[in-house]
Amino acid sequence: MDQIEVKSVVPKFISFYEKASQRKLNDEELFDLWKEQYNFAAVPPTEEGERLKKKLLLKAWDKYEQYIDYIKSWVLDQQNVQSFLSKVKSLLGCNESINVVVIYFVGAFDENAFVAPYDEQRLALCLPIENGHSDITLCHELTHIVHSKTAKIQSDWERTVATLLIQEGLATHVSKVLVPGKDDRLYIEHKVGWLQTCQNKREDILRGIYPYLDESSSETIYRFTMGTGTTNTEREAYYTGWEIVGALLREGFTFGDMASIQETELPNWLRNVYPLESI
């Protein structure tokens, strides 16, 4: 039986915001208070991630004032989590119990949900609330949770690029199946126009990322997620995963077929089922 624990750090953010709003703080003082009172952000566990925390806070700070009433009135609702978790498990062919902690937090208006280790047994599914609820985001992140079980993925920041591609490809296409009827860009796009930009560079993006399928360094993962890849384009791994999983689905592969490939086998498997020559 699945076990879902739900937590919220939204009250911690509200406490931080109220203290910060009571006095005039410079950027350093604001960031120091944020770290002391809240310190919860969707950034990679790297030195670059630490630098991003301050950048995200300062960029979002003025916008918080516009949304603080919504944030204060936000009410936790966990019913959708169990419903969509069951549907994701069915699509991915997962019969094992899932034990997950769902953490709701206030992010930086970048719609950046994420999955991270919580303890030795559980993963944390972290969902931002400042932009409202998104079933697409929920399905996307739940797919990562279930896929980590079916493929025995450790869910560390450092993983092979092949693993990253299949993770993001499955998550975007599963969310498209479970929350149907939207424009493709809504399942994958982080800013308007990004998907079309990627489509214009499709061959260059895919050919550029393929030599890195076996690589797993923090620098490489950052390059293809939050960096600008090989074509000066953000989030190339997300687009490549979307393209590859979409192509494999059209060829007759099921979500369960792809989700069952173990993490250690993914680079060679991907090269065999979607060779560079087919791009």
Side-chain angles (χ1 to χ4, degrees), residues 6-77 101-116 118 124-141 144 157 168 171-172 175 185-195 197 218 221-228 233-238:
V6 179
K7 295 187 172 185
S8 171
V9 296
V10 175
K12 289 182 65 176
F13 175 85
I14 294 171
S15 176
F16 149 72
Y17 180 84
E18 290 180 340
K19 289 178 181 178
S21 300
Q22 289 169 1
R23 43 199 167 116
K24 194 171 185 65
L25 303 174
N26 62 36
D27 290 352
E28 288 299 330
E29 291 170 335
L30 179 64
F31 185 51
D32 286 343
L33 183 64
W34 180 90
K35 287 189 293 183
E36 176 189 327
Q37 298 288 320
Y38 186 58
N39 199 23
F40 199 103
V43 298
T46 62
E47 290 184 8
E48 182 63 29
E50 286 299 308
R51 288 191 288 270
L52 275 173
K53 287 180 179 180
K54 182 179 178 181
K55 181 180 178 180
L56 290 171
L57 170 64
L58 297 180
K59 185 177 180 180
W61 179 246
D62 290 339
K63 200 169 182 179
Y64 287 136
E65 183 177 2
Q66 303 172 40
Y67 285 81
I68 193 62
D69 288 341
Y70 168 77
I71 292 170
K72 287 181 177 180
S73 64
W74 175 83
V75 178
L76 187 152
D77 179 8
V101 180
V102 180
I103 302 175
Y104 292 96
F105 72 102
V106 179
F109 302 96
D110 52 357
E111 300 186 11
N112 199 359
F114 64 99
V115 171
Y118 184 78
L125 167 53
C126 304
L127 298 170
I129 63 97
E130 68 278 7
N131 288 324
H133 175 76
S134 169
D135 286 340
I136 291 175
T137 299
L138 178 59
C139 290
H140 183 114
E141 300 302 328
H144 289 328
W157 169 251
E168 297 304 335
T172 49
S175 62
R185 62 181 183 82
L186 295 178
Y187 301 104
I188 188 173
E189 198 165 67
H190 68 297
K191 63 181 181 181
V192 176
W194 172 84
L195 181 57
T197 296
S218 178
I221 297 302
Y222 185 90
R223 180 183 188 185
F224 291 113
T225 52
M226 306 182 80
T228 54
T233 307
E234 296 175 332
R235 298 165 65 96
E236 289 184 351
Y238 293 83

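Values below: every heavy atom of this structure, side chains too, minus hydrogens, waters and symmetry copies.
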Worksheet item: Who passes side chain to side chain donor-acceptor pair (under 3.5 Å) against Glu236, sequence neighbours left out?
Response: Thr231
Worksheet item: Hey, what do you get for OH (Tyr17) to CZ (Phe13), rounding to the nearest 0.5 Å?
Response: 7.5 Å
Discussion item. If I take atom OG from residue Ser8 and atom CG from residue Leu127, how far apart are they, to the nearest 0.5 angstrom?
Written reply: 11.0 Å
Discussion item. Within the 4.5 Å heavy-atom criterion, are Trp194 and Thr233 side-chain neighbours or not?
Written reply: yes
Practice prompt. Answer whether the closest heavy-atom distance between the side chains of Glu111 and Pro128 falls below 4.5 Å.
Written response: no
Worksheet entry | Residue among Glu29, Gln22, Glu28 satisfying side-chain contact (heavy atoms from CB on, under 4.5 Å) with Leu25 | Glu29
Fill in: Results of salt bridge (Lys or Arg N to Asp or Glu O under 4.0 Å) for Lys191 - residues two or more places apart only
Glu234
Worksheet item: Do the side-chain N and O atoms of Gln37 and Lys19 include a donor-acceptor pair separated by under 3.5 angstrom?
Response: yes
Worksheet entry | Any Ile136 side-chain heavy atom under 4.5 Å of Leu138 side chain | no
Worksheet, complete the sentence: Interatomic distance, CD1@Ile188 vs CD@Glu168, rounded to 0.5 Å, equals 8.5 Å
Discussion item. For Asn39, give me all partners under side chain to side chain donor-acceptor pair (under 3.5 Å), at least two apart in sequence or on another chain.
Written reply: Lys53
Worksheet, complete the sentence: Residues passing the ring-ring contact (aromatic ring centres under 6.0 Å, His included) test with Phe109, sequence neighbours excluded, are Tyr64, Tyr67
Worksheet item: Rounded to the nearest 0.5 Å, what separation is found between the CD atom of Glu36 and the CZ atom of Phe31?
Response: 12.5 Å
Response to the item:
Value for CZ (Phe114) from CG (Asn112), rounded to nearest 0.5 Å, stands at 8.0 Å
Fill in: Counterpart residues, salt bridge (Lys or Arg N to Asp or Glu O under 4.0 Å), relative to Asp32 (two or more places apart)
Lys35
Practice prompt. Flag the pair Val9 / Tyr104 as yes when at least one side-chain heavy-atom distance between them is below 4.5 Å, and no otherwise.
Written response: no
Item to complete: With sequence neighbours left out, write down each residue that passes ring-ring contact (aromatic ring centres under 6.0 Å, His included) with Tyr118, or none if nothing qualifies.
Response: none
